[in-house]
Amino acid sequence: MKTTTPLVSEELTAAPLSSAAGSIRVFGYEGGDVNVSCPYDWGFEGHQKYLCNDGCRYADVLITTSQGSSGKYSIHDDKTARIFTVTISDLRLDDAGKYWCGVTRIGRDISIERELEVKPDRCCDTVNQTQSTEEGSVTISCPYDSQSVNKLKFFCRGNRPSTCLQQAVITSSNTQDGRFRLSDDRKSGLFTVTISSLTLKDSGSYLCGVQRNSGFDVFTAVELEVKEWCCAKSKNMSGVMERSVTFQCPYAPQHHNDTMFLCKGDGASNCTDMMGQSRFVLSNVSSSSFSVTVTKLEAGDAGTYWCGSGPEANVGNFTRFHLSVDATLHQLPHPAFYALFALAAGLLLMVTLVLVKVYKNKCHKTLRERKVSR
């Protein structure tokens with residue numbers, strides 16, 4: 001508690017506030033709002049309340065309940081809970097400092113101290129840079145200290161700590177949301193956020209956050225750059241069910257001794273290896289290319305494939321294929337198709353023989369008629 005000089009007049013001074021209340025720190029971000037809560041004892045519901053700073057003299061009074069609002073200050077008195085709250089809007093860095101809550105009464109002012117801290121609404125001095133490629137995925141690491149093991153972790157886009165938690169794309173209480181997945185390794189003090197199916201629009205600033213029960217939340221900043229497929233070749237291919245199709249996979253000569261791969265999936269970094277499947281046959285291996293033939297195509301074989309040789313993180317080593325599988329030519333089983341073809345060919349041959357025979361008979365008849373007429 002702190003005794004101050006008289007407020008407003010020698011006859012109007014502040015009343016004692018709730019004995020449970022003490023000096024409390026309040027935190028806010030530049031440009032935002034902050035609420036300063038002030039409890040008071042039973043019996044003072046009808047008294048005027050106020051917030052002041054500096055020496056808490058008449059000129060230092062910022063807002064009273066009789067005013068309701070004044071400039072960037074507004075006040076609300078919850079008489080049921082016996083708490084009045086002052087909202088300070090459009091915070092500036094120079095708003096930081098000591099404030100006092102009070103309730104007017106006859107006698108000396110006794111006020112409870114509040115200390116306001118204001119930080120710039122941006123983060124951080126150090127920014128971790130990370131890169132990936134479109135249609136791939138990226139995993140972002142977010143370290144935290146031993147005191148934050150059981151705290152809420154969250155991840156948001158942008159660079160504003162004040163709104164990060166409210167706009168979080170993923171949190172440790174909801175670890176999977178669309179393309180975002182959060183994993184928390186409490187032993188190592190590290191949580192990671194994986195973003196899959198990246199697009200160029202995912203490039204930008206992100207914040208890793210750890211919630212604190214009091215004070216400012218703790219943040220680390222990340223700048224993500226998603227590169228387009230500037231170096232990977234991309235081809236469209238089509239095949240027919242039950243037939244075969246062959247992928248031609250070139251690669252740089254320096255990767256001749258590296259592992260050759262063909263995988264299927266939306267992104268090269270999280271696709272399924274296909275080389276071990278019996279219908280996918282490796283052939284024509286040279287110092288700069290190889291082929292993979294897919295036999296007995298199925299409808300499920302349609303999709304995006306990636307092939308090449310060398311580190312899969314190197315986009316320049318990929319060739320991307322978009323394979324479509326056509327089932328229209330496979331509506332009849334092969335034996336029935338060939339039987340139908342043979343039947344049609346036989347009928348055509350019979351019709352041709354009949355026409356030839358009719359033509360010959362007609363020619364012979366014409367010749368006989370000419371001889372008779374002579």
Side-chain angles (χ1 to χ4, degrees), residues 1-121 151-152 160-166 209-218:
M1 296 292 185
K2 176 173 179 173
T3 301
T4 70
T5 55
L7 172 66
V8 181
S9 73
E10 293 289 341
E11 296 181 347
L12 289 176
T13 56
L17 300 185
S18 173
S19 59
S23 181
I24 295 177
R25 297 167 68 192
V26 183
F27 305 89
Y29 287 101
E30 184 179 19
D33 301 342
V34 68
N35 292 324
V36 181
S37 295
C38 307
Y40 55 88
D41 284 336
W42 179 86
F44 296 103
E45 292 85 351
H47 289 234
Q48 181 166 259
K49 288 84 179 180
Y50 63 89
L51 183 75
C52 61
N53 62 2
D54 295 332
C56 209
R57 297 175 178 84
Y58 179 83
D60 302 322
V61 175
L62 304 170
I63 188 71
T64 67
T65 47
S66 62
Q67 292 174 296
S69 64
S70 177
K72 61 190 293 177
Y73 304 95
S74 61
I75 191 169
H76 172 71
D77 186 8
D78 185 343
K79 296 180 180 180
T80 301
R82 296 197 303 275
I83 296 174
F84 72 92
T85 303
V86 176
T87 301
I88 308 175
S89 304
D90 192 22
L91 285 172
R92 302 192 307 256
L93 296 178
D94 58 10
D95 287 325
K98 293 183 179 181
Y99 293 78
W100 289 270
C101 308
V103 178
T104 60
R105 69 163 189 173
I106 302 298
R108 281 289 183 183
D109 287 354
I110 301 176
S111 304
I112 288 181
E113 182 180 304
R114 297 289 186 260
E115 184 164 356
L116 173 61
E117 293 186 25
V118 182
K119 276 188 176 182
D121 194 12
K151 305 297 184 184
L152 179 72
R160 294 189 60 194
S162 65
T163 58
C164 187
L165 180 56
Q166 292 83 355
V210 178
Q211 189 179 39
R212 291 290 174 85
N213 293 335
S214 61
F216 293 102
D217 293 342
V218 180

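Position 1 is the first residue of the sequence; numbering continues from there.
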Reported [atom1]-to-[atom2] distance for the pair [X] and [Y], which is rounded to 0.5 angstrom:
X: I75; Y: T87; atom1: CD1; atom2: OG1; answer: 9.5 Å
X: Y58; Y: C52; atom1: OH; atom2: SG; answer: 13.5 Å
X: K98; Y: D54; atom1: NZ; atom2: CG; answer: 11.5 Å
X: N35; Y: I88; atom1: CG; atom2: CD1; answer: 9.0 Å
X: L91; Y: L116; atom1: CG; atom2: CG; answer: 6.0 Å
X: N53; Y: W100; atom1: CG; atom2: CH2; answer: 7.5 Å

List the residues meeting side chain to side chain donor-acceptor pair (under 3.5 Å) with E115, not counting sequence neighbours, and say none if there are none. none
pair [X]-[Y]: side-chain heavy atoms closer than 4.5 Å:
X: L152; Y: V210; value: no
X: F27; Y: K119; value: no
X: D90; Y: R92; value: no
X: P161; Y: Y29; value: yes
X: V86; Y: F84; value: yes
X: L62; Y: Y99; value: yes

Determine whether the side chains of S66 and Q48 contain a donor N or O and an acceptor N or O closer than 3.5 Å. yes
Tell me, which pairs form a salt bridge (charged side-chain N to carboxylate O under 4.0 Å, His left out) where one or both residues lie in residues 23-33, sequence neighbours left out? R25-E117
Could D217 and R212 be called an ion pair, given the rule that one side-chain N must be under 4.0 Å from one carboxylate O? no
Can you sort out the partners of [X] under salt bridge (Lys or Arg N to Asp or Glu O under 4.0 Å), two or more places apart, ordered by chain and number?
X: D77; result: K49
X: K79; result: none
X: R82; result: none
X: D95; result: K72

Test your reading of the model: is there a side-chain donor-acceptor pair from [X] to the backbone of [Y], 3.5 Å cut-off?
X: H47; Y: T104; answer: yes
X: Q67; Y: T65; answer: no
X: D78; Y: I83; answer: no
X: R114; Y: L51; answer: no

Which atom of S37 lies closest to which atom of C101, heavy atoms considered: O-SG, 4.5 Å
Derivation of the side chain to side chain contact (heavy atoms under 4.5 Å, CB included) call for Y50 and C56: CA-CA 10 Å; Y50 63 89; C56 209; 4.0 Å; yes
